[in-house]
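Order of the sequence lines fixes the chain letters, A, B, ..., with proteins taken first and strands second; residue numbering starts at 1 for each chain. Because the structure is predicted, anything quoted here is derived from the model rather than measured.
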There are 2 protein chains.
Amino acid sequence: MMSIETQFENQQYKLRQMLQILMRTFSILEKEGARCCSVTLVESHILFEVKRYNDQKGTDLSLNELSAKLGVSNSTLSRQIQSLVDKNLLYRTHYNNDRRYLSIYLTPEGERYEKELGKELDSYVQEIFSNVPSEKRMQLLESMDVLLTAVEKSDCC
Amino acid sequence: MMSIETQFENQQYKLRQMLQILMRTFSILEKEGARCCSVTLVESHILFEVKRYNDQKGTDLSLNELSAKLGVSNSTLSRQIQSLVDKNLLYRTHYNNDRRYLSIYLTPEGERYEKELGKELDSYVQEIFSNVPSEKRMQLLESMDVLLTAVEKSDCC
DNA sequence: TTGAATTAATTGTAAAATACAAACATTGTA
DNA sequence: TACAATGTTTGTATTTTACAATTAATTCAA
């Protein structure tokens, strides 16, 4: 009979393994989806995050904030943004109240691309979701929500 | 009142978004964990996958199989493996029954590294899991399992 | 109010990762 | 035995990346 502590450790271990496998699988899908829309993985992450941030917060995102969210260095991000500006997918101007900061937001074409990318990913997720027994679907969504909330509460993330 | 179809679409959309955010967060943790153990992200994925495959299947992994699992080209993987062999973390020999294939497996030191990496990630997951209400934990584990099973069934993955 | 310290972003540079195509090695087959 | 097929490696060029130094804007303090 396992002790409560051991059970807890096992659960964590299992969760970690599942997360690892899931992450890898999904990152491959993301790469493929991005390829289809002729952007790189990081570029797709930028488009996604800029869109999400603008929608949710109603304000623009600075380079510093974005690089922290994406886990890349400022210099890398600066060049990636340049590339997206060149492709006419992003606007980048200086924030008027403090001209050190950037205001980054999507061009109309950037919006289209972001939507396109999302659809590409949705089609993968659709397939996966269709393989989830229908009686488990609500539970899955709820659990993912619980997990995300926990992630947001955690200092490590 | 939403139609059933629209509800279904919304669920997928939500699942996709949650997966995207989760993936990004977790990949940053993985990067950090790998850094701590002075390997790159891809190297850590190699160690993880080789270990997992050997444990589960009891046979060694070929380069072709591994590159498909990790979503990188053969040439990239070949060099990454070389680097891990140089660091004495991987063995790479030719499979005797068909000497075209490689047998890849962890050295004792590789095993230690893999375990170390796992612990690093476990500590992150531990924190996240501790922020999941205890009455939701079993459900979360079950849901992740369901999701993984669905992923494995899906052609796109 | 001016100059130093602080903060945000960019750029110079070098190293690492990556993919494609060609080459190499081994095995299967006509 | 020749040659097609399969798995891996290597040549090459491109891309990505980070660190450190630089530039630009702001804040703070004497």
Check: residues 68-75 of chain B side-chain donor-acceptor pairs under 3.5 Å, at least two apart:
unit_1  : atom_1 : unit_2  : atom_2 : d
B:Ser73 : OG     : B:Ser75 : OG     : 3.2
B:Ser73 : OG     : B:Thr76 : N      : 3.2
B:Ser73 : OG     : B:Thr76 : OG1    : 3.0
B:Asn74 : OD1    : B:Ser67 : OG     : 2.7
B:Asn74 : ND2    : B:Asn64 : OD1    : 2.8

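To the nearest angstrom, P of C:dA9 lies 9 Å from NE2 of A:His94. The distance from atom CZ of A:Arg99 to atom P of C:dA9 is 13 Å, rounded to the nearest whole Å. Atom CG of B:Leu70 and atom C1' of C:dA19 are 15 Å apart (whole Å). Rounded to a whole Å, the CD atom of A:Gln82 is 17 Å from the C1' atom of D:dT17. Taking atom CG of residue B:Leu84 and atom C1' of nucleotide D:dT9, one finds them 16 Å apart after rounding to whole Å. Per the geometry, CG belonging to B:Asp86 stands 12 Å off P belonging to D:dT9, to the nearest Å. The interatomic distance linking A:Ile81 (CD1) with C:dA9 (C1') rounds to 10 Å, in whole Å.
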(Q) Show, in sequence, the C-alpha distance, side-chain angles and deciding distance for A:Gln20 and A:Arg24, and conclude whether the side-chain hydrogen bond (donor to acceptor under 3.5 Å, both in side chains) test is met. (A) CA-CA 6 Å; A:Gln20 271 187 283; A:Arg24 236 204 14 233; over 6 Å; no
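Among residues at least two apart or in separate chains, side-chain hydrogen bond (donor to acceptor under 3.5 Å, both in side chains) pairs with a member in residues 104-113 of chain A are A:Lys51-A:Glu111. Annotation: salt bridge (charged side-chain N to carboxylate O under 4.0 Å, His left out) contacts involving residues 134-152 of chain B, sequence neighbours excluded, comprise A:Lys136-B:Glu142, A:Glu142-B:Lys136. Annotation: ring pair (Phe, Tyr, Trp, His ring centres under 6.0 Å) contacts involving residues 28-83 of chain A, sequence neighbours excluded, are absent.
Near-neighbour residues of DNA chain D inside residues 38-53 of chain A, defined by a heavy atom below 4.0 Å, number-ordered: A:Thr40, A:Val42. Within residues 23-32 of chain B, no residue is approached by DNA chain D to less than 4.0 Å at the level of any non-hydrogen atom.
Counting only heavy atoms from C-beta outward, the side chains of B:Leu89 and B:Glu43 never approach each other to under 4.5 Å. When side chains are defined from C-beta on, B:Val50 does not count as touching B:Glu114, because their heavy atoms never get closer than 4.5 Å. Side-chain contact between B:Val85 and B:Leu90 is present, with heavy atoms from C-beta onward closer than 4.5 Å. Annotation: side chain of B:Leu66 is not in contact with side chain of B:Leu102 (no heavy-atom distance under 4.5 Å).
Between B:Thr76 and C:dT18 there is no side-chain polar atom (N or O) within less than 4.0 angstrom of OP1 or OP2. Look at B:Arg92 and you won't find any side-chain N or O under 4.0 angstrom from OP1 or OP2 of D:dT8.
Residues satisfying the side chain to side chain donor-acceptor pair (under 3.5 Å) criterion with B:Asn54, sequence neighbours excluded, are absent altogether. Remark: B:Gln80 engages no residue in a side chain to side chain donor-acceptor pair (under 3.5 Å) (not counting sequence neighbours). Every ring pair (Phe, Tyr, Trp, His ring centres under 6.0 Å) that A:Phe129 has, sequence neighbours left out, goes to B:Phe8.
Side-chain N/O atoms of A:Arg92 and A:Gln82 include a donor and acceptor closer than 3.5 Å.
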Contact list (N/O, under 3.5 angstrom) for nucleotides 5-8 of chain C vs protein:
unit_1 : atom_1 : unit_2   : atom_2 : d
C:dT7  : O2     : A:Arg100 : NH1    : 3.4
C:dA8  : OP1    : A:Tyr101 : OH     : 3.1
C:dA8  : O5'    : A:Asn64  : ND2    : 3.4
C:dA8  : O3'    : A:Arg100 : O      : 3.4

Between the protein and nucleotides 1-4 of chain C, are there any N/O to N/O pairs under 3.5 Å, and if so, what are the atom names and distances?
none

Is there any protein nitrogen or oxygen under 3.5 Å from a nitrogen or oxygen in nucleotides 12-14 of chain D, and what are the pairs?
unit_1 : atom_1 : unit_2  : atom_2 : d
D:dT12 : O4     : B:Arg79 : NH2    : 3.3

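When heavy atoms are screened at a 4.0 angstrom cut-off, A:Gln80 is found touching the sugar-phosphate backbone but no base atom.
Nearest heavy-atom pair, B:Ile21 versus A:Arg52, reported as atom, atom and distance to 0.1 Å: CD1-NH1, 3.3 Å. Taking every heavy atom of both residues into account, B:Ala150 and A:Val132 meet most closely at CB-CG2, 3.6 Å.
Both A:Tyr95 and A:Gly71 lie close to DNA chain D; mapped to their nearest nucleotides by heavy-atom distance, the more 5′-ward contact belongs to A:Gly71. Both B:Leu77 and B:Asp98 lie close to DNA chain C; mapped to their nearest nucleotides by heavy-atom distance, the more 5′-ward contact belongs to B:Leu77.
Taking 3.5 Å as the limit, the base of C:dA9 and the side chain of A:Ser78 contain no donor-acceptor pair of atoms between them.
Screening A:Glu120, A:Gln126, A:Glu127 for a side-chain contact (heavy atoms from CB on, under 4.5 Å) with A:Tyr124, the sole residue that qualifies is A:Glu120. Just one of A:Leu29, A:Thr25, A:Asn131 meets the side-chain contact (heavy atoms from CB on, under 4.5 Å) condition when paired with B:Val151; it is A:Thr25.
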